[in-house]
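Just below is one structure, and these are the notes that go with it.
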Amino acid sequence: MNVTEFTVEAGNEQLSCSLASPEQALRSNASGLLLHISGTRRTALHDPTQNYPTPLFLAAGHYVLSFDLPHHGDRAGEYGEKLVGMSQALSAGNDPFAQFVTDGMAALDWCLEKDIGANGKIVAYGISRAAYCCLRLAAADARVRAVAGVSPVTDWAILTEFALCDTSQLPIERWVDQLADRAVYLCVGSQDARVGVDPCVRLAMMLFARQQQTLPVDTMFNQLHVVDVPGHSPATYWQLDATRYLLRFCDKLSG
């Protein structure tokens, strides 16, 4: 895998990013850009149990961009790691989700300066917390045209790690208007008590309704899948289905 490491200034941070490029023979004016967010960029690009979209996008001639979530991987610091670090930072007034939006915009700026994603084919993929972050970025940055969220966090009040935080301003449904013209794929297990089934379904129905109100007839392109998967772990089939959704969206932009 051909991976370029680069650093951008994201707010007050120096953000390390990784960009995987398709083989030279597969690159063309139709090549798009997938922002694949997992806990860390190494997982998103290299972990065979988590990186399902990466090789498929590269094989289709697209680029794949990733960086560590706030308080994950190389970015773990004074507030702790992973969800605990995010919740502690939020309680201290350092919103990790606003930081992610800043991160994503800065990383996309770098790519566009290199003419990567300049054709408008910029899509994002994430699971659980990463899905929430990708939705927030898409709501803030119209360059992100489509998001696939598998087992997505949509309301942080459900997570025990955030029990002591004020999460009232965080439910992703607050950004339904901004997401109305994006393609959104949501998939959640029917028994997912970790992130909750009802908030995900409610978000999807709000998006469907908003699109029906604002878009031309027959242009609704969102998908919701409530699937027979126990617990919070997404099945490989649905990770691949989410990937195919994004690939088809990129293909449509070429039409």
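Just so it is clear, the structure is predicted and the values come from calculations on it, not from any experiment. Positions are given from 1 along the sequence.
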Assess whether a salt bridge exists between [X] and [Y], defined as any Lys/Arg side-chain N lying under 4.0 Å from an Asp/Glu carboxylate O.
X      : Y      : result
Glu173 : Arg136 : no
Arg42  : Asp74  : yes
Asp241 : Arg244 : yes
Asp141 : Arg143 : yes

For the residue pair [X] and [Y], establish whether any side-chain heavy-atom pair is separated by less than 4.5 Å.
X      : Y      : answer
Leu26  : His62  : no
Val3   : Leu19  : no
Arg174 : Gln169 : yes
Asn222 : Leu186 : no
Asp177 : Arg210 : yes
Gln88  : Leu90  : no
Arg182 : Leu207 : no
Tyr79  : Asn94  : yes

Tell me which pairs pass ring pair (Phe, Tyr, Trp, His ring centres under 6.0 Å) where either residue lies in residues 140-185, with sequence neighbours left out. Phe97-Trp156, Tyr132-Trp156, Trp156-Phe162, Tyr185-His225, Tyr185-Tyr245
Compare every heavy atom of [Y] with every heavy atom of [X], then report the nearest pair and how far apart it is.
X      : Y      : answer
Gly126 : Cys134 : N-SG, 4.3 Å
Pro96  : Pro70  : O-CG, 3.4 Å
Pro152 : Cys187 : CD-O, 3.4 Å
Ser128 : Val195 : OG-CG1, 4.1 Å
Cys133 : Met86  : SG-CE, 4.5 Å
Cys17  : Val8   : SG-CG2, 4.1 Å

Please check if any side-chain donor atom of Thr7 sits under 3.5 Å from a side-chain acceptor atom of Gln14, or the reverse. no
Assess, by modelled atom type and distance only, whether the side chains of Tyr52 and Thr236 contain a donor and an acceptor separated by less than 3.5 Å. yes
Let me confirm one number: the [atom1]-[atom2] distance from [X] to [Y], rounded to the nearest 0.5 Å.
X      : Y      : atom1 : atom2 : result
Ile116 : Trp110 : CD1   : CH2   : 5.5 Å
Ser18  : Glu5   : OG    : CD    : 3.5 Å
Ser87  : His71  : OG    : NE2   : 9.0 Å
Phe6   : Lys114 : CZ    : NZ    : 9.0 Å
Ile172 : Leu179 : CD1   : CG    : 6.0 Å
Asp198 : Asp192 : CG    : CG    : 11.5 Å

Show me the pairs that pass side-chain hydrogen bond (donor to acceptor under 3.5 Å, both in side chains) and involve residues 97-108, at least two apart or across chains. Arg75-Asp103, Gln99-Asp103
Polar side-chain atom of [X] near backbone of [Y] as donor-acceptor pair, under 3.5 Å:
X      : Y      : answer
Gln211 : Ala180 : yes
Thr167 : Leu170 : no
Asn51  : Thr54  : no
Asp68  : Ser16  : no
His36  : Tyr125 : no
Arg27  : Pro22  : yes
Asn119 : Asn29  : yes
Ser28  : Ala30  : yes

Would you indicate whether Leu164, at its atom CG, is surrounded by more than 12 heavy atoms from other residues, nucleotides or ligands within a distance under 6.0 Å? no
Is the count of non-hydrogen atoms from other residues, nucleotides or ligands lying under 6.0 Å from Met205 atom CE greater than 12? no
Give the C-alpha distance, both sets of side-chain angles, the deciding distance and a yes or no for side chain to side chain contact (heavy atoms under 4.5 Å, CB included) between Glu23 and Leu58. CA-CA 8 Å; Glu23 294 181 9; Leu58 292 174; over 6 Å; no
Candidate pair Gln239 and Ile127, rule side chain to side chain contact (heavy atoms under 4.5 Å, CB included), full reasoning: CA-CA 9 Å; Gln239 296 187 55; Ile127 295 174; 3.4 Å; yes
Gln50/Thr43 under side chain to side chain donor-acceptor pair (under 3.5 Å): CA gap, chis, key distance, verdict: CA-CA 6 Å; Gln50 299 289 328; Thr43 299; over 6 Å; no
Validate the cation-pi geometry between Arg202 and Phe208: distance from NZ or CZ to the six-membered ring centre under 6.0 Å, angle to the ring axis within 45°. no
The single option from Val64, Val123, Leu108 passing side-chain contact (heavy atoms from CB on, under 4.5 Å) against Leu33: Leu108
Let's go through Ser190 and Val227 carefully: what are the C-alpha distance in whole Å and the side-chain angles of both, what is the deciding distance for side chain to side chain contact (heavy atoms under 4.5 Å, CB included) to 0.1 Å, and is it a yes or a no? CA-CA 6 Å; Ser190 61; Val227 302; over 6 Å; no
Is there a side chain to side chain donor-acceptor pair (under 3.5 Å) between Ser66 and Arg41 once you walk through the steps? CA-CA 5 Å; Ser66 192; Arg41 63 190 188 278; over 6 Å; no
Residue among Arg194, Arg129, Lys82 satisfying salt bridge (Lys or Arg N to Asp or Glu O under 4.0 Å) with Glu161: Arg194
Shared hydrophobic cluster for Leu69 and Val84 (ILVMFWY, side-chain gaps under 4.5 Å): no
Check the pair Leu65, Leu34 against side chain to side chain contact (heavy atoms under 4.5 Å, CB included), reporting the backbone distance first and the verdict last. CA-CA 6 Å; Leu65 168 68; Leu34 168 69; over 6 Å; no
If you take the centroid of each ring, where Trp contributes its six-membered ring, are Phe100 and Phe67 closer together than 6.0 Å? yes
